[in-house]
Each structure stands twice: as C-alpha cells, then as structure tokens.
Amino acid sequence: MNELILSKDLRGANGVIPLEIDTTFKRGELTVLFGKSGAGKSTILRMIAGLLEPTGGKIIIEDEIWYDSSKKINLPPQKRKVGFVFQDYALFPNMTVRQNLLYALDDKKKIVKVDEILKITELTKLENEKPDALSGGQKQRVALARALVREPKILLLDEPLSALDFAMRAKLQDELLKIQRHFNLTTVLVSHDIGEVYKLAQFVLELADGKILRQGTPSEIFGGSKISGKFKFSGEIVDIAQSDIVFIVSILVGQDVVKVVSTEEEIRDLKIGRKVTLSSKAFNPIITPI
Amino acid sequence: MIEESFVQTMSLTFKLAGVTTLFLLMIGIPLGYYLAATKNRLKPVLEAIVSMPLVLPPSVLGFYMLVFFSPKNAFGQWLDETLDLRLVFSFEGLVVASIIFSLPFMVHPIQSGFSALPKNLTEAAYTLGKSKINVLFRALLPNIRPSLLTGIVISFAHTVGEFGVVLMMGGNISGETRVASIAIYDEVESLNYGAANQYALTLFLISFAILLFVYAINKHFLKAELS
C-alpha cells in the first residue's frame, strides 16, 4: 500500500494556497490526479519524486518510507526509485535514444533490459537518433522508456501527452496502458483532460485549490450517477448560438462537434469552455459498420 | 637576434594565455554553474565582483594587485616566506593577474549557457539516481559546448591582448614578463617601428583568426542543434 500525506504552501496567481493531501493508493494501480492548473497536481508529483520538500507529512511507497517529517526522514531524489516523465520530456540532447536509456541504467550488466524496453516501446529503429531528430510522440516514448529502465517502484507522469495532437495522444494512451499493465506499475498521472482520465484511470483524485475534492473510480466521479443513461460522452462546449426560440449548443466530443438543441432554461448553467456530460436515456442507437 | 627575442616574446605570450585559460576554465565552470543555479540573495554581489574587470581601468586593477602582492605587505610577505612565491614582476604573478582580469570573459558565456538549459534536465538526471557531479559532466556540460568554446577562445584572445594589468604587475622583463603587447610599446618607445609592426601585425592576424574561428564554429554548432 502506498500512503501520501502532504502539506505545503502553494504560491499561485491568487496568493498562497495551502495544499493538504491525505490519501492512499493501491500497488499496480493507475491513479490520475485531475484538476485545473494551479490545483497542485504537479507539485504533488514533484514531492513524491523528492524534487520539492513538503512542509510536513509522510510519503510511503511500497512500504518504504521516502519522507516522514515526524521522523526527519527525507530521501534525496537519487535514492527514490521513481520513473519521472516530464511534460516537455527532458531528454538529454547530447545523447542518442539508446544513450539516454543507458544513462538511466544503474547496473551496466543489465544491458539486455535496454534492448527489451526499446523493443516494447517500438524504438529499436530510432535508437541511434538524437532527441532533436524525433517527433513529439517519439520523444514522449523515449522519455517513458528511459523512466522504465530504472525499474521504478512508482511511475510519475506529469501531463505527458498534453503537447501532442489528438490522434497521437489516443495512440500513446493505448501504449501507456499496455506498458503499465505489462509491468504492473504503480502509476500516478497528472491530467486535466476528462477523456484521458476516463480511458486510463483506475482511481481518480480530483483536486481543487490544494485539496482533494473527490476520489474514486472515473465513473463514480464523472458518471453523474443520477442519470441512468445508456449513452454517455464527456465533452466541452465550443459554441452556444440562438436560433429563433431555441439555442444550439455545439459540444466537442473527441474530434467531433455534436449540436444539441436546448431551451433558454437549460443553457442557463452552460457557458463556452465548460466540460459537460452528454447523455441520452430513451433512445435506441443504430449501429452501422463503417 | 631580433628573431630570437620575437619568438621568445610570442611564445611567452601564448604560454601566459594558455595557462590562464586553463585555470579560468577550472574556475569558470563551477562559478558559472553556481551563478546560474543559485537563488542566494548575495548573487548580485558576486556577479558584480566577477564583472568588475569589464569596467575598471586595467591600471587600477594592476595597481592594487601590485600593492597587495608586494613582499612589503603582509599577504605578499606571507606568500614569499611560506610558499616561496613572489607574484610581482614574475610570470606567476602575470598568470594570477590575467585570471582575475579575464574572469568575466570565461564566466559570462558559461553562466548564460547553463541558464539556457531547461531546469528539468538536471531534475530528470536526479530522478535517474545521478549525483550532482555526474549530472554536471554527463548531462549539462556536453550541452553547453558552444558556450564553453566561446569562453575558452575569448578568454585566450583577451589575455593575449591585455596591456595595462601586465605592465603594472609584470613590468618588462624579457623572457619572464615581456609579452607581445608590452613589446610593441617598448619598440615604439625606442623608435623601432619595424619590430613594433612585426608584433602588431602578428597580434592583429591572430586575433582576427581566433574570432573568425569562434563565429564559424558556433554557427556550425547552432546548425547542428537545429537540424
């Protein structure tokens, strides 16, 4: 079991916000930290990795104490077995793909491991390229591969896919899931994309202003359990336009824009940019092969 | 006769520049790294001290060093008695003076090179279990090669060309402290324009070649990084 009790003052645009976190998460599970920017998501990852010291609390990963303010334990990042994947990848520009992975290898006898991970992440063909010659998606894969080489007890992913386009993101989400299950890795991922959370998370911690707002499985949190809808999508409102006496609300679901007719009363709580759940109760979907 | 003293003076000039640059590299890397990374409130003070030789007349610097290292004063006496090292009017003294005088030319490019690297390169290396020294040599220095090259070459060229500090601190002792820039002054004073021109032209061409080399190489480096 992994335990996380953290406190820290966050310095944001709106002054100082105290971060207070107390949670546990299971071994081998993929936990997503979800919330708006400034909620403290990345700060939590950095504290787990030892790059930032909390004011107080406890970090226990796989029954190993990494930080405990009451016992004055604070392992340096070098002593914590983490695999950290940064948003902008942080690959070493002077090293090839293979050298980036070799640099992460503690025991040079385990060189086979590098070959194995290059193969799993489909990077074998690119192993002699420098990072500057790679696309965003490829760089992300190298960053993930490099983190895996260290055989981490916990994999920390800081919005790893946010800089990629939709198609690449969807593909890498699948790969990430496959790899996470393959190694049965305890993983904490930071995301602000509901679609991503639905797809990847086994457990979600929703944060707002440094506090845990809700925690549970994705459907418990975003499902809106009041509705027993058969069809349910999450999306974002991109436009609200008036047409005679009704309003046409355009919602971006994945890459498609869905137009929904609403009344003035219904749109009162809606505004452009708002994340919404789109569901329908009583209708019979027609499935056509394409 | 003239040829021999010319060769002696030029080789002394380059020996001084070479030794100075080597020491500056050893000082400049840790100092530049510290200045780029530190959040210490006293950082501006340290930066001002490093940059002082840029604005101070070389004669001022030379004068204070002459006084400070003179065996008549406590520190100079201590050096003389315990380490048997006399820094005034000696080659060793010129090296010390040149290191101080050319310090900003080495530290500034290295500091800006380190500052331009993404901070999370260091953090990524820490999470991979690497020590600070390992990170510096494996992950950071190889990525600031253009800055290192600029620092090395400019410091070298600047040391070759310095005059005021050398004259104050070293004087004009043939084979010990007489470098090319001093020799030009000396030859002109004795109305020996031909010999002065020989030194002047040599320095002129070497300085141009060095700067051309830096700009050509750095352009090449930049291209390689962008492709």
Side-chain angles (χ1 to χ4, degrees), chain A residues 42 45-53 66 75-96 99-108 114 129-134 139 142-160, chain B residues 25 28-30 32-34 36-41 43 109-152 214 217-227:
Chain A
S42 297
L45 281 201
R46 292 171 56 79
M47 289 194 284
I48 298 175
L51 297 172
L52 187 72
E53 196 184 339
W66 286 2
L75 293 188
Q78 287 91 341
K79 292 267 159 65
R80 305 182 184 198
K81 281 225 149 204
V82 299
F84 202 118
V85 177
F86 292 83
Q87 194 173 356
D88 58 356
Y89 324 123
L91 300 176
F92 304 115
N94 57 315
M95 303 179 196
T96 62
Q99 285 165 344
N100 262 282
L101 267 62
L102 282 173
Y103 185 60
L105 196 66
D106 281 334
D107 183 355
K108 299 294 173 210
V114 169
E129 297 288 344
K130 290 270 177 74
D132 286 339
L134 304 178
K139 282 185 196 172
V142 178
L144 180 62
R146 188 179 65 184
L148 294 173
V149 169
R150 186 146 160 77
E151 297 181 318
K153 291 196 164 147
I154 187 166
L155 185 62
L156 305 169
L157 306 157
D158 190 2
E159 304 206 28
Chain B
L25 195 61
I29 289 173
Y33 183 48
Y34 176 77
T38 187
K39 288 180 187 136
N40 195 318
R41 278 181 297 123
K43 178 182 167 182
I110 293 180
Q111 184 187 348
S112 57
F114 279 127
S115 302
L117 288 180
K119 190 172 163 242
N120 57 22
L121 280 190
T122 310
E123 294 187 334
Y126 286 169
T127 64
L128 297 173
K130 304 300 172 192
S131 68
K132 283 187 176 176
I133 292 290
N134 181 307
V135 174
L136 179 64
F137 282 98
R138 296 281 314 274
L140 301 180
L141 282 178
N143 291 313
I144 62 159
R145 271 176 306 195
S147 309
L148 287 174
L149 185 74
T150 306
I152 289 170
V214 175
I217 289 283
N218 267 357
K219 198 178 161 199
H220 169 77
F221 263 121
L222 288 177
K223 259 190 201 159
E225 273 170 18
L226 287 175
S227 66

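Below, all heavy atoms of this structure are taken into account, side chains as well, without hydrogens, waters or symmetry copies.
- In terms of heavy atoms, Ala90(A) sits closest to Asn120(B) at CB-OD1, 3.4 Å.
- In this structure, no portion of Tyr89(A) lies under 4.5 Å from any heavy atom of chain B.
- Chosen from Pro77(A), Ala49(A), Pro93(A), the residue pairing most often with chain B at heavy-atom distances under 4.5 Å is Pro93(A).
- In this structure, chain B has heavy atoms under 4.5 Å from both the backbone and the side chain of Arg146(A).
- With sequence neighbours excluded, the residues satisfying ring pair (Phe, Tyr, Trp, His ring centres under 6.0 Å) with Phe86(A) are Phe84(A).
- Most heavy-atom pairs under 4.5 Å with chain B, from the set Arg80(A), Gln78(A), Met95(A): that is Gln78(A).
- More than 12 heavy atoms of other residues, nucleotides or ligands sit less than 6.0 Å from atom NZ of Lys43(B).
- For residues 81-96 of chain A, every residue pair satisfying the salt bridge (charged side-chain N to carboxylate O under 4.0 Å, His left out) rule, not counting sequence neighbours, is listed here: Lys81(A)-Asp106(A).
- Of the two parts of Leu156(A), neither the backbone nor the side chain holds a non-hydrogen atom closer than 4.5 Å to a non-hydrogen atom of chain B.
- Counting only distance, with no hydrogens or angles, the side chain of Asn94(A) and the backbone of Asn143(B) share no donor-acceptor pair below 3.5 Å.
- Only the backbone of Ser131(B) comes within contact range of chain A, judged by heavy atoms closer than 4.5 Å.
- Among Gly129(B), Pro118(B), Pro142(B), the residue making the largest number of heavy-atom pairs under 4.5 Å with chain A is Gly129(B).
- Using a 4.5 Å heavy-atom cutoff, the side chains of Arg138(B) and Phe92(A) are not in contact.
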